[in-house]
Amino acid sequence: MLTTTPTLHERVLAWYDEHARDLPWRRPGTAAWGVVVSEFMLQQTRVDRVLPAYVLWLERWPTPAELAAAAPGDAVRQWGRLGYPRRALRLHAAAAVMVERHGGEVPSSYADLRALPGIGDYTAAAIASFAFGGRHVVLDTNVRRVLGRLVGGEALPPPAVTRAERERAEALAPPDPLGPRWAVATMELGALVCTSRAPRCERCPVLDACAWQRAGAPPYDGPARPRQRYPGTDREVRGRLLAVLRDAVGPVTPAALAAVWPIDDQRERAFASLVADGLVPALTSAQPDPAPSNQRMPDSSGETVRQQ
DNA sequence: AAACCGTGGAG
DNA sequence: TCTCCAAGGTT
C-alpha cells in the first residue's frame, strides 16, 4: 500500500488530535459567546485559573444580552481576582455593543469583532477562527514562539510582533482542508510542548524539522525584554485598593482605603487612575440591595468623600 | 511606540 | 527565594 510521509502540518494536527486538552470552550456546541468570554479571560491569564471563572461567568450570564443588562460593577466583582479587571469592563461594554448593533449576537467577521472594546488583533482572529471557522493568522504568544523556533531558529520571539513574524505565519498557513485547526493546534503545541521556560522537545511532533533545535538550541539573543516590576508600583497599589472595593459588602471608608498603602500621594494617584478607568465608579455605584443615602463612599477627587 | 495594566503558579 | 511570564489591549 502506498504511504507518504506526513507533512509538517499533518504531524502537528495529528499531535493535536491526540494530546489536546478538553477545555470547555472547545467542546462542540459551544456558543460563540462562550468563546468570547474565554478569550477575554485568557488574555495574560493561564488556563487553569480561567477554568472555574469561565464556568461561573457563563452560568450567570449565558448570553451577551444578559451580561449587558447587568451592572458593570457586577461584572467586575464576578471577575474576582483574575487580574486586569479592566477586561471585565470591556467585556461588559462589548456585550452592550453586541446588543445595540448586532442583534444580541456575537459578530462573526474579523472586522466587526476587532471594533469591539477589549478585542485586538489576536482576539478578533481567535474568535473568528474558533467560533466561526474562519481562517485567520492567529498570532498569540504560543504561536509566535513555536514558529520562531521551528522556522526562525530563535529561542524566543521579539518583544513586539514584527512584520516578519506575520509574513512567516501567513506563509505557513496550511491549505484549505486543514482549515482553522492549524491555529489551535500550534497554540496548543506552544502551551504544552514548546513552552517558554523548559520546552519538552522530546514530545515534539516536528522536532526533526525545528530550526532552533538544528542550530543547537541557542539562547535568546534579541533585544532586551522589558521586565515587569510589580512590588511597590502603582499596579500593586491599585490591586490592593481594588481588593477592598471589590470585597466590600457595604460602604467603604476612607480609612479602609488608607490602610492599604501608607504613601498618601501614591495611593491617591492610584485611586485616581482607578476612577479614570471606570473601576471605582463601577464598584461604588448604588447597589440594588443595601439602603442608599448617607453612605460614605470614595470619590473621584480624593479618597475622602461620601456618596451622592 | 514604549509603558502601563493584576494575579498567581512554575521553575 | 526570586524571577519569569501567562490565549493582549490600550494609550
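No hydrogens, no waters, no symmetry mates; every other heavy atom, side chains included, goes into these values. In what follows, chains are A, B, ... by sequence order, proteins preceding strands, each numbered from 1.
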### Query
Does A:Arg181 count as lying over the ring of A:Tyr16, i.e. NZ or CZ under 6.0 Å from the six-ring centre, within 45 degrees of the axis?
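No cation-pi geometry.
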
### Task
Go through C:dC5, B:dG6, C:dA7 for me and flag the one nearest to the A:Val47 side chain.
C:dA7

Which part of the nucleic acid, if any, lies within contact of [X], taking any heavy atom under 4.0 Å across all strands shown: a base, the sugar-phosphate backbone alone, or nothing?
| X | answer |
| --- | --- |
| A:Pro85 | sugar-phosphate |
| A:Leu279 | nothing |
| A:Trp25 | base |
| A:Arg246 | sugar-phosphate |
| A:Arg200 | sugar-phosphate |

### Task
Quickly, which of A:Leu274, A:Asp277, A:Leu279 forms a side chain to side chain contact (heavy atoms under 4.5 Å, CB included) with A:Pro85? Name it, please.
A:Leu279

Provide, to the nearest angstrom, the distance between the [atom1] atom belonging to [X] and the [atom2] atom belonging to [N].
| X | N | atom1 | atom2 | answer |
| --- | --- | --- | --- | --- |
| A:Phe271 | B:dC5 | CZ | P | 16 Å |
| A:Gln266 | B:dC5 | CD | P | 10 Å |
| A:Arg225 | B:dA1 | CZ | C1' | 17 Å |
| A:Arg87 | B:dC4 | CZ | P | 19 Å |
| A:Asp48 | C:dA7 | CG | P | 10 Å |
| A:Tyr220 | C:dC4 | OH | P | 13 Å |
| A:Met187 | C:dA6 | CE | P | 12 Å |
| A:Glu236 | B:dT7 | CD | C1' | 11 Å |

### Query
Which heavy atom of A:Pro205 sits nearest a heavy atom of A:Arg11, and at what distance?
O-NH1, 3.2 Å

### Query
Where do A:Ser285 and A:Ala282 come nearest, in terms of heavy atoms and distance?
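The pair with the smallest heavy-atom distance is OG-O, 3.3 Å.
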
I'd like a list of close polar pairs between nucleotides 8-11 of chain C and the protein, N/O only, cut-off under 3.5 Å.
unit_1: C:dG8; atom_1: OP1; unit_2: A:Thr141; atom_2: N; d: 3.4
unit_1: C:dG8; atom_1: OP2; unit_2: A:Gln44; atom_2: N; d: 3.3
unit_1: C:dG8; atom_1: OP2; unit_2: A:Gln44; atom_2: NE2; d: 3.1
unit_1: C:dG8; atom_1: O3'; unit_2: A:Thr123; atom_2: OG1; d: 3.3
unit_1: C:dG9; atom_1: OP1; unit_2: A:Gly120; atom_2: N; d: 2.8
unit_1: C:dG9; atom_1: OP1; unit_2: A:Thr123; atom_2: N; d: 3.0
unit_1: C:dG9; atom_1: OP1; unit_2: A:Thr123; atom_2: OG1; d: 2.4
unit_1: C:dG9; atom_1: OP2; unit_2: A:Tyr122; atom_2: N; d: 3.4
unit_1: C:dT10; atom_1: OP1; unit_2: A:Gly118; atom_2: N; d: 2.8

### Query
For A:Arg135 and A:Ser129, what are the C-alpha separation, side-chain angles and deciding distance, and is it a side chain to side chain donor-acceptor pair (under 3.5 Å)?
CA-CA 6 Å; A:Arg135 288 191 293 112; A:Ser129 299; over 6 Å; no

Span that lies between the [atom1] atom of [M] and that of [N], in whole angstrom:
| N | M | atom1 | result |
| --- | --- | --- | --- |
| C:dT10 | B:dA1 | C1' | 12 Å |
| B:dG11 | C:dA7 | P | 13 Å |
| C:dT1 | B:dG8 | C1' | 16 Å |

### Query
Between A:Arg145 and A:Gly190, is there a donor-acceptor pair closer than 3.5 Å when you use the side chain of the first and the backbone of the second?
yes

### Task
Give a yes or no on whether A:Glu18 atom CD has more than 12 heavy-atom contacts from other residues, nucleotides or ligands under 6.0 Å away.
no

### Task
State whether the number of non-hydrogen atoms from other residues, nucleotides or ligands found under 6.0 Å of A:Arg27 atom CZ is greater than 12.
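Atom CZ in A:Arg27 is packed in, count exceeds 12.
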
### Message
Is the phosphate of C:dA6 approached by A:Ser196 (side-chain N or O, under 4.0 Å from OP1 or OP2)?
### Response
yes

### Query
Can you tell me if the side-chain N/O atoms of A:Arg81 get under 4.0 Å from OP1 or OP2 in B:dG8?
yes

### Task
Report yes or no: is there a donor-acceptor pair, N or O only, under 3.5 Å between the side chain of A:Arg49 and the base of B:dG8?
no

### Side chain A:Arg235 and base B:dC4 donor-acceptor under 3.5 Å
no

#### Entry: A:Arg46 or A:Asp234, whichever maps to the more 5' nucleotide of DNA chain B
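Between the two, 5'-proximity favours A:Asp234.
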
